[in-house]
Amino acid sequence: MCAMKTKVLLVCLSACAFAHAEFTCALTDPLEWIYPDSEVAEAAPFAETDVPLGGVADVNVLFNGLEPGKPVSVSADAPDAEWFRFVEVFVDRNTGLHGFTAKPAETNTWSVRKAPYRAYEALAPIAGGAFTPTGATAAVRFKLKKFPAKRGAFAVNFVFAQGAQSVRRAFKVNVHGARVPDVGRGSFKYTNWFNLTDMATRHGLELWSDAHFEMIGRYAKLAAEGRQNCAWIPLSNVFDVKDGTPVLNEARLARIVDVYTAAGIWWIEGGHLCRFNGGWGAKNFLPLFSKNVSTTPAGAADVARIAVPLVAAVEKHGWKDRWIQHVADEPDVVNAAEYRQTCAIARRYMPGVKMMDAVENCAVAGALDMLCPKVDMWQKDRAAFDFQRTNCHDSVWCYTCCVPGGRWLNRTLDCHLLKPLYVFWCCSEFGLDGFLHWGYNMYQKNHDPFNNTTVDNWGTNGGSALPPGDTHVVYPGAVGPWSGARFEATRQGVEDYELLEQLRRRDAAKFGELSRRIVRSFNDYELDVKLYRATRREILSALD
């Protein structure tokens with residue numbers, strides 16, 4: 001009987017202890033990944049940040065010991081504060097040392113964690129100041145874009161509560177006198193390619209309906225908030241084929257441009273006029289909607305059927321100083337001559353329009369106004385690209401995609417969050433004029449971007465897979481797009497580019513010292529977050 005009473009008492013005490021268990025939380029750096037198994041006790045503290053005017057002050061909050069299913073309230077004594085709940089995504093495979101996904105016997109030591117694993121990446125807006133955790137661990141992000149003073153330090157006081165328990169934390173924001181410019185014509189050229197049709201289908205909307213255009217606006221607005229000032233319009237979205245002839249839907253084109261403009265995007269990228277005649281690396285090109293090789297008389301006529309009405313619309317609507325035209329994606333040595341001829345044909349029908357493409361090397365130099373090599377190819381052929389920029393007045397951008405991998409800077413899901421940020425430090429260090437990535441919301445058919453983050457690569461007939469997160473940096477939320485940890489890190493990198501350029505103009509020696517403390521090349525840099533933060537503070541202080 002005594003033993004039974006003791007057992008009952010222990011059960012009751014256990015239940016009471018569970019009922020009164022306290023959650024713990026820690027403020028952590030937004031440039032450090034958080035995982036569902038992250039521990040508050042092991043988190044590096046992050047109690048203050050330095051920001052320029054026009055920048056963003058942000059911090060992550062990691063929680064342990066929450067009661068699943070019970071709302072957690074989050075609040076700050078800062079007006080215009082924004083809160084986001086982290087949603088985990090599944091990283092099923094690591095990026096390979098060269099790129100794509102790692103082979104079975106390959107270990108990419110530059111991945112932040114060995115796959116498979118889950119990471120907190122997507123950022124779902126918190127409505128009503130509270131979220132409901134699904135487990136004992138959760139994470140949120142605080143963002144502030146408007147500051148109470150033009151310059152100086154202030155404290156933001158947080159209160160987190162679940163049930164009867166509440167926890168307070170303070171976060172210091174040091175606002176500096178330097179200002180990053182508004183996103184637009186004069187800001188650093190940066191583009192992620194949009195999948196416009198997916199903005200309808202993913203959200204259950206009728207294609208090209210008013211609701212679809214409203215959704216395009218939401219995706220474009222988020223892009224501009226991430227400092228994107230260029231946006232792509234695939235030509236298949238604005239041309240209809242009637243009796244075998246492409247016909248421009250000018251009204252649709254104008255409405256898309258108007259939506260982009262309202263969101264704050266200045267540069268408009270006309271989608272590719274041509275495609276490979278076969279898989280990547282084919283010897284020649286076919287005009288869109290055509291089976292004729294672009295450099296034949298019939299093919300040239302097909303280029304004209306697209307280019308002539310397109311440039312007429314560009315001129316009619318006054319977009320000529322905003323328009324960047326793509327010709328064909330990723331030309332290489334094997335098709336350089338055909339590509340050059342195709343560009344010449346396009347220029348005949350689109351005189352005065354700036355042209356730009358992602359290129360594999362400098363073999364097509366002279367055919368374009370803007371050359372855009374992958375970061376590793378730029379580094380390999382730097383002398384040739386520098387020659388074009390210096391002597392031929394070409395603009396040189398850079399891009400990343402499914403390659404490069406390993407140590408190279410990229411922005412796949414298993415990259416350190418400093419890597420996408422450092423791309424823009426390199427752009428400043430080496431005088432590059434823009435950055436391109438193909439995957440804003442390029443989810444593939446039957447693709448769940450939360451749980452299928454690597455997808456088969458159609459360019460090699462499924463022989464390899466695109467690395468985790470290569471297809472996207474935003475996520476389809478319930479009523480619009482959600483940002484992500486990589487997208488936000490990229491945004492900060494573009495901010496840093498603007499600050500570095502200001503410092504270069506003010507003090508070139510100081511610029512060189514601080515820039516090279518962090519990056520020496522696209523595969524030589526420092527992955528110490530504290531060093532990065534300290535160096536950024538020096539840049540901001542030097543600009544005060």
Side-chain angles (χ1 to χ4, degrees), residues 50-58 143-147 150 175-194 217 219-233 257-270 318-324 354 356 369-372 375 389 394-400 409 411 420-438 440 473-474 483 486-506 511 515 519 536 539-540 543:
D50 294 83
V51 294
L53 296 168
V56 176
D58 53 0
K143 284 180 66 176
L144 187 64
K145 291 179 277 190
K146 295 181 181 178
F147 311 127
K150 288 188 176 180
V175 183
H176 292 260
R179 177 180 292 277
V180 293
D182 292 339
V183 174
R185 181 174 191 167
S187 59
F188 181 73
K189 292 184 180 68
Y190 162 43
T191 184
N192 299 288
W193 285 350
F194 292 171
Y219 276 82
K221 182 175 182 291
L222 177 60
E225 288 176 358
R227 300 201 62 84
Q228 179 172 337
N229 61 352
C230 312
W232 186 53
I233 302 177
V257 174
D258 286 347
V259 168
Y260 288 176
T261 304
I265 290 171
W266 173 261
W267 300 101
I268 308 300
E269 297 172 79
W319 301 329
K320 201 165 185 179
D321 62 341
R322 303 175 60 185
W323 198 270
I324 299 171
K354 298 291 187 183
M356 186 264 277
D369 303 283
M370 305 171 192
L371 296 159
C372 186
V375 295
R389 184 170 54 189
D394 289 344
S395 177
V396 179
W397 294 32
C398 66
Y399 78 107
T400 64
L409 295 179
R411 63 177 198 183
L421 186 154
Y422 284 167
V423 166
F424 301 92
W425 281 61
C426 283
C427 287
S428 177
E429 173 68 23
F430 303 119
L432 297 172
D433 301 302
F435 175 75
L436 178 153
H437 195 283
W438 78 286
Y440 182 66
V473 285
V474 301
S483 183
R486 293 171 299 140
F487 183 71
E488 295 293 331
T490 304
R491 182 262 311 153
Q492 185 158 318
V494 190
E495 283 183 16
D496 286 357
Y497 173 92
E498 303 289 0
L499 298 172
L500 286 162
E501 289 302 296
Q502 290 176 34
L503 182 59
R504 183 204 299 273
R505 292 190 291 270
R506 179 176 294 191
F511 162 84
S515 175
V519 299
R536 189 175 197 252
I539 292 169
L540 288 164
L543 292 170

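Tyr219 and Tyr260 have their aromatic ring centers separated by at least 6.0 angstrom.
The backbone N or O of Arg411 sits less than 3.5 Å from a side-chain atom of Arg486, completing a donor-acceptor pair. The backbone N or O of Ile265 sits nowhere less than 3.5 Å from a side-chain atom of Asn229 that would complete a donor-acceptor pair. With hydrogens and angles disregarded, a donor-acceptor distance shorter than 3.5 Å links the side chain of Arg536 to the backbone of Asp50. Although no hydrogens or angles enter the test, the distance criterion places a donor-acceptor pair under 3.5 Å between the side chain of Asp433 and the main chain of Val396.
For the atom pair CD1 of Ile268 and CD1 of Ile233, the computed distance is 5.5 Å after rounding to the nearest 0.5 Å. Going from atom SG of Cys372 over to atom CG of Leu436 covers 4.5 Å, rounded to the nearest 0.5 Å. Residue Trp232 holds its CH2 atom at 11.0 Å from CZ of Phe194, rounded to the nearest 0.5 Å. Between Ser483 atom OG and Leu222 atom CG the span is 5.5 Å, to the nearest 0.5 Å. In this structure, the separation between CZ on Arg506 and CG on Leu543 is 5.0 Å, given to the nearest 0.5 Å. Taking CD from Gln502 and CG from Leu540, the interatomic distance works out to 9.5 Å, rounded to the nearest 0.5 Å.
Under the ring pair (Phe, Tyr, Trp, His ring centres under 6.0 Å) criterion, Trp266 pairs with no residue at all, not counting sequence neighbours.
Counting only heavy atoms from C-beta outward, the side chains of Cys230 and Trp397 approach each other to under 4.5 Å. With a 4.5 Å cut-off on side-chain heavy atoms, Tyr440 and Val473 count as touching. Annotation: side chain of Met356 is not in contact with side chain of Asp369 (no heavy-atom distance under 4.5 Å). Considering only heavy atoms from C-beta on, Thr400 stays 4.5 Å or farther from Leu409 through its side chain. By the 4.5 Å heavy-atom criterion applied to side chains, Leu53 and Val175 are counted as neighbours. Residues Thr261 and Arg322 meet the side-chain proximity criterion, which asks for heavy atoms closer than 4.5 Å. Between Phe188 and Phe435, the closest side-chain pair of non-hydrogen atoms falls below 4.5 Å.
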Side-chain donor-acceptor distances from residues 420-429 under 3.5 Å, at least two apart:
unit_1	atom_1	unit_2	atom_2	d
Tyr422	OH	Glu526	O	2.8
Trp425	NE1	Asp496	OD2	3.0
Ser428	OG	Glu501	OE2	2.6
Glu429	OE1	Ser515	OG	2.7
Glu429	OE2	Arg516	NE	2.7
Glu429	OE2	Arg516	NH2	3.4

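Heavy atoms of other residues, nucleotides or ligands lying less than 6.0 angstrom from NZ of Lys354 number 12 at most. The 12-atom threshold is exceeded at CG of Asp321, counting heavy atoms of other residues, nucleotides or ligands nearer than 6.0 Å.
Of all non-hydrogen atoms in Gly55 and Glu495, the two that sit nearest each other are CA-OE2, 3.6 Å. When all heavy atoms of Phe511 and Arg504 are compared, the pair lying nearest together is CZ-NH2, 3.3 Å. Residue Gly217 comes nearest to Ala263 through the heavy atom pair O-CB, 4.4 Å, listed as atom of the first residue, atom of the second, then distance.
Remark: the Thr490 side chain and the Arg227 side chain contain no N/O donor-acceptor pair separated by less than 3.5 Å. Side-chain contact annotation: Glu269 with Thr191, donor-acceptor N/O pair under 3.5 Å present.
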- Quick one: do Arg389 and Leu432 satisfy side chain to side chain contact (heavy atoms under 4.5 Å, CB included)? Show the steps, please. CA-CA 10 Å; Arg389 184 170 54 189; Leu432 297 172; 3.9 Å; yes
- Task: Let me see the working for Val180 and Leu499 under side chain to side chain contact (heavy atoms under 4.5 Å, CB included), right down to the final yes or no.
- Result: CA-CA 7 Å; Val180 293; Leu499 298 172; 3.9 Å; yes
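Of the charged side-chain nitrogens involved, none lies within less than 4.0 Å of a carboxylate oxygen, so that Arg179 and Glu498 do not count as a salt-bridged pair.
Partner of Tyr190 under the side-chain contact (heavy atoms from CB on, under 4.5 Å) criterion, out of His437, Gln228, Arg491: Gln228 alone.
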